[in-house]
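Because only heavy atoms are used, hydrogens play no part in the values below, and waters and symmetry mates are left out as well, while side chains stay in. The first residue in the sequence is number 1, and the count goes up from there. This one's a predicted model, so the numbers in the text were calculated from it and none came from an experiment.
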Amino acid sequence: MTRTESEASLKIRNNHKRFPGVYALKNASIDAYPGEVLALLGVNGAGKSTLMNILGGVLQADEGEIFINGTEAKILSPRDSEKYGIAFIQQEIQLFYNMTVYENIFLINLKDYKKYKMLPFLDKKLLREKAAGLLSTLGCYVNPNRKVNTLSVGEQQMVQIARALSQGGEILLFDEPTSSLSMKEKEKLFEIIRHLRDSQKTIIYITHYLDEVEKICDKVVIMRDGQIVGYGHALDFDKKRISDLMTPLERSFSKIESASAGKIVLSIRNLSGLKYPIGVNFDLHKGEVLGLWGLLGSGRSETIRTTLGFDEKISGEILYTKNGELEPIEPKKLFKECGYVTEGRHFDGLFLPMPLWENITSANLHTFSRNFFRVLNKKKEKNEGEKYIGEMRIASPDCDMLTQQLSGGNQQKVVIAKWLSKKSDILFLDEPTRGVDVGSKMEIQYLIRKLASEGVSCVVVSSEVEEIQEICDRIIVLREGAVAAELSKSEINNQRLIKACLGEV
Ligand SMILES: Nc1ncnc2c1ncn2[C@@H]1O[C@H](COP(=O)(O)OP(=O)(O)OP(=O)(O)O)[C@@H](O)[C@H]1O
Ligand SMILES: [Mg+2]
């Protein structure tokens, strides 16, 4: 069905945005209609978040207009954006970490939940119930009284989505909402989005997963270098056409086969934490890529955090060998020997106000100190920064750019570069390709396999079946904090993984 321009609920006209050294948005125009899910696609740095940030009132365009239901909208702040009926789920988690789940969800509208009309007391019971209700429609059952800083990144994402839904906007912007959700949670979110579409909301949906376009999107907009290079019905755009428009460069990799498993470099014995893990056992071999698989909240990240001393170890033993025999080691000491790409790059992965080079060298500063007084050799550090910008194709004019000025996917590459620069024998990677585009994702997966072939042992948490299947030699499946199954390379397939994490094997 073709609709006339006047039916568009949102019209973006000739928007431009320049940053120092980067022309992030060039003459972008888009129409979006009620009852439609519009996919916004493009490689890392294409300008997707910039456009959404303008609609969300986080940034202002240098030139251009925005019309909402036919009337020109002046969006100068997030408050304005909300007034125009726009609800924005941003790419990076934006929550108050030391407040509770329900406070975060209803923060803006707290005054609507007073217990008595004239007195300044909140009806906390009602707030908690409402919050729990909203979250349960998303298939998320966290206690609304919990502080947000005790939640996993996936659960935090659910709280963000619940907050946006509670505002009841007519135009909903989702900037990579599924990048930290696992399969079950994704399906729930898709159901919600379909429901919102059926109730005539306008939805703009940014994603790097082209499968999601087929699943829930009606139309596609493709961006490249700040410009709109493709627009039309999703049915007319297959994956090949979309990726050709997204990037004219073909990037191909030869597959690296796994090396035969070497000796054990790390042995986790009966490891238990405060809640999770519960009595977890596994060995990691030299040159192996070991996957930790499970549903959101199954204890994957907690297992890594307890192993490396970020969460308290209650019982169990960790054995480690550098070259000789396996010997007991304390988690914090083990961390000094390892690399750890955390799941929340904004929370604990990066120094955002610092330049790229300082981030890249930050885990390995002692190798850049110049002399007895430990003065850092900035030139050497910058060279290291430049090296990884080149090797990892980080889209940045130079290594002096501040990390917060990079697009989400490029920030993720900086986190990985930081740990590669440390050159550890063991690398823990929690959702390593979160938010990176299809081409870069293949590059990172290739890199992990290449590191393994050079003798580095990797432990990878990923919520994506394809990814974990592609790169792992062996998978430990976790369920409710404990090991539910172990699958060898030949046993890894979609069904086995899903059955194992649901406890059906
Ligand atoms: N505050 C800023 N200062 C300078 N440059 C910026 C700033 N914000 C964004 N940019 C640049 O604008 C370009 C577009 O970034 P944007 O975040 O819109 O990309 P994106 O399409 O959302 O990418 P991703 O998929 O990685 O999230 C990038 O080159 C980025 O470095
Ligand atoms: Mg982005």
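- Closest heavy-atom contact between L295 and R300: O-NE, 3.9 Å.
- Scanning both residues, L406 and Q411, for their nearest heavy atoms gives O-NE2, 3.1 Å.
- The environment of NZ in K423 is crowded: more than 12 heavy-atom neighbours from other residues, nucleotides or ligands sit within 6.0 Å.
- Atom CZ of F96 has 12 or fewer heavy atoms from other residues, nucleotides or ligands within 6.0 Å.
- Salt bridge status for D425 with K286: absent, with no side-chain N to carboxylate O gap under 4.0 Å.
- You'll find the ring centres of F335 and F310 inside the 6.0 Å limit.
- The shortest side-chain heavy-atom distance between S301 and I304 does not fall under the 4.5 Å cut-off.
- Atom OG of S421 and atom CD1 of I360 lie 7.5 Å apart (nearest 0.5 Å).
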_Pair E467-Q445, side chain to side chain donor-acceptor pair (under 3.5 Å): steps then yes or no_ = CA-CA 8 Å; E467 175 160 287; Q445 292 170 350; 2.8 Å; yes

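- A 6.0 Å sphere centred on CD of E454 holds more than 12 heavy atoms belonging to other residues, nucleotides or ligands.
- In this structure, CG on L429 lies 12.5 Å from CD on E343, to the nearest 0.5 angstrom.
- Side-chain contact check for E431 and S463: at least one donor-acceptor pair (N or O, by modelled atom type) lies under 3.5 Å.
- Side-chain contact check for V460 versus P432: some heavy-atom pair is nearer than 4.5 Å.
- A side-chain donor-acceptor contact under 3.5 Å links Q157 to the backbone of P177.
- A salt bridge links K125 to E129: one of the charged nitrogens lies within less than 4.0 Å of a carboxylate oxygen.
- In terms of modelled atom types and a separation under 3.5 Å, the side chain of T361 and the main chain of W357 share a donor-acceptor contact.
- Between the OG atom of S315 and the CG atom of L271 there is a distance of 7.5 Å, given to the nearest 0.5 Å.
- More than 12 heavy atoms of other residues, nucleotides or ligands shown are found within 6.0 angstrom of NZ on K380.
- Considering CG of L290 and CG of L284, their distance stands at 6.0 Å, rounded to 0.5 Å.
- Contact check on R474 versus E288 returns a salt bridge, with a Lys/Arg side-chain nitrogen under 4.0 Å from an Asp/Glu carboxylate oxygen.
- For the pair T100 (side chain) and E103 (backbone), a donor-acceptor distance under 3.5 Å is present.
- P277 approaches T303 most closely through the heavy-atom pair CB-OG1, 3.6 Å.
- At a threshold of 4.0 Å, the pair E470-K441 does not count as salt-bridged, since none of the basic side-chain nitrogens sits closer than that to a carboxylate oxygen.
- Using a distance-only test at 3.5 Å, with no hydrogens or angles considered, no donor-acceptor pair links the side chain of E92 to the main chain of G408.
- The number of heavy-atom neighbours closer than 6.0 Å to NZ of K387, taken from other residues, nucleotides and ligands shown, is above 12.
- Closest approach of R163 to L95, counting heavy atoms only: NH1-CD2, 3.8 Å.
- The side-chain heavy atoms of F88 and D175, taken from C-beta on, include a pair separated by under 4.5 Å.
- Checked by atom type, the side-chain pair N359/S362 shows no donor-acceptor distance below 3.5 Å.
- With hydrogens and angles ignored, the 3.5 Å screen pairs no side-chain donor or acceptor of D283 with any backbone N or O of S267.
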*Evaluate the criterion side chain to side chain donor-acceptor pair (under 3.5 Å) for residue pair N53 and T50; output intermediate values, then yes/no.*
CA-CA 5 Å; N53 283 329; T50 303; 5.6 Å; no

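- Checking side-chain atoms of R146 against main-chain N and O of T150 turns up a donor-acceptor pair under 3.5 Å.
- Donor-acceptor pairing under 3.5 Å is recorded for the side chains of N410 and S407.
- With hydrogens and angles disregarded, a donor-acceptor distance shorter than 3.5 Å links the side chain of Q156 to the backbone of V148.
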*Which is it for I105 and V159 under the side-chain contact (heavy atoms from CB on, under 4.5 Å) test, yes or no, and what are the steps along the way?*
CA-CA 7 Å; I105 294 181; V159 174; 3.9 Å; yes

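- Shortest non-hydrogen contact noted between K313 and T306 is CA-CG2, 3.8 Å.
- Side-chain contact between V101 and N145 is absent, with no heavy atoms from C-beta onward closer than 4.5 Å.
- Looking at E443 and R393, a side-chain N of the basic residue comes within less than 4.0 Å of a carboxylate O on the acidic one, giving a salt bridge.
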*For side-chain contact (heavy atoms from CB on, under 4.5 Å), just list the numbers for V456 and I426, CA-CA rounded to whole Å, side-chain angles, deciding distance to a tenth of an Å, and then say yes or no.*
CA-CA 6 Å; V456 178; I426 301 180; over 6 Å; no

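- Distance alone, capped at 3.5 Å, is enough to place a donor-acceptor pair between the R449 side chain and the I471 backbone.
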Residues 203-211 side chain polar contacts: donor-acceptor under 3.5 Å, at least two apart:
from	atom 1	to	atom 2	distance (Å)
Y205	OH	E212	OE1	2.8
T207	OG1	Y209	N	2.9
T207	OG1	E212	OE1	2.9
H208	NE2	N44	ND2	3.4
H208	NE2	E176	OE2	3.2
H208	NE2	G435	O	3.4
Y209	OH	E464	OE2	3.1
D211	OD1	K239	NZ	2.5

*Kindly indicate, with the supporting measurements, whether the criterion side-chain contact (heavy atoms from CB on, under 4.5 Å) is fulfilled by L135 and Y141.*
CA-CA 6 Å; L135 286 166; Y141 298 94; over 6 Å; no

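- The side-chain contact (heavy atoms from CB on, under 4.5 Å) test with W293 singles out one residue from I476, V477, V461, and that residue is V477.
- By the 4.5 Å heavy-atom criterion applied to side chains, V142 and L151 are counted as neighbours.
- Expressed to the nearest 0.5 Å, how far CG of L478 lies from CD of E302 amounts to 9.5 Å.
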*Apply the test side-chain contact (heavy atoms from CB on, under 4.5 Å) to residues L350 and V415: give CA-CA distance (whole Å), side-chain angles for both, the deciding distance (0.1 Å), then the verdict.*
CA-CA 7 Å; L350 290 168; V415 182; 3.6 Å; yes

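- You'll find the side chain of E327 stays beyond 4.5 Å of the side chain of T321, heavy atoms only.
- Salt bridge absent: K382 and E386 never bring a charged side-chain N and a carboxylate O closer than 4.0 Å.
- Under the 3.5 Å distance criterion, the side-chain polar atoms of S272 are matched with a main-chain donor or acceptor of G279.
- For K422 (side chain) and C338 (main-chain N/O), a donor-acceptor pair under 3.5 Å exists by modelled atom type.
- Across all non-hydrogen atoms, the minimal contact from W419 to A363 is CZ3-CB, 3.5 Å.
- The salt bridge (Lys or Arg N to Asp or Glu O under 4.0 Å) test with D311 singles out one residue from K332, R305, K275, and that residue is R305.
- Side-chain contact check for S298 versus R479: every heavy-atom pair is 4.5 Å or farther apart.
- Two residues are said to be in side-chain contact when any heavy atoms from C-beta on lie closer than 4.5 Å; L59 and F19 meet this criterion.
- In this structure, NZ in K413 is found 6.5 Å from CE in M392, a value given to the nearest 0.5 Å.
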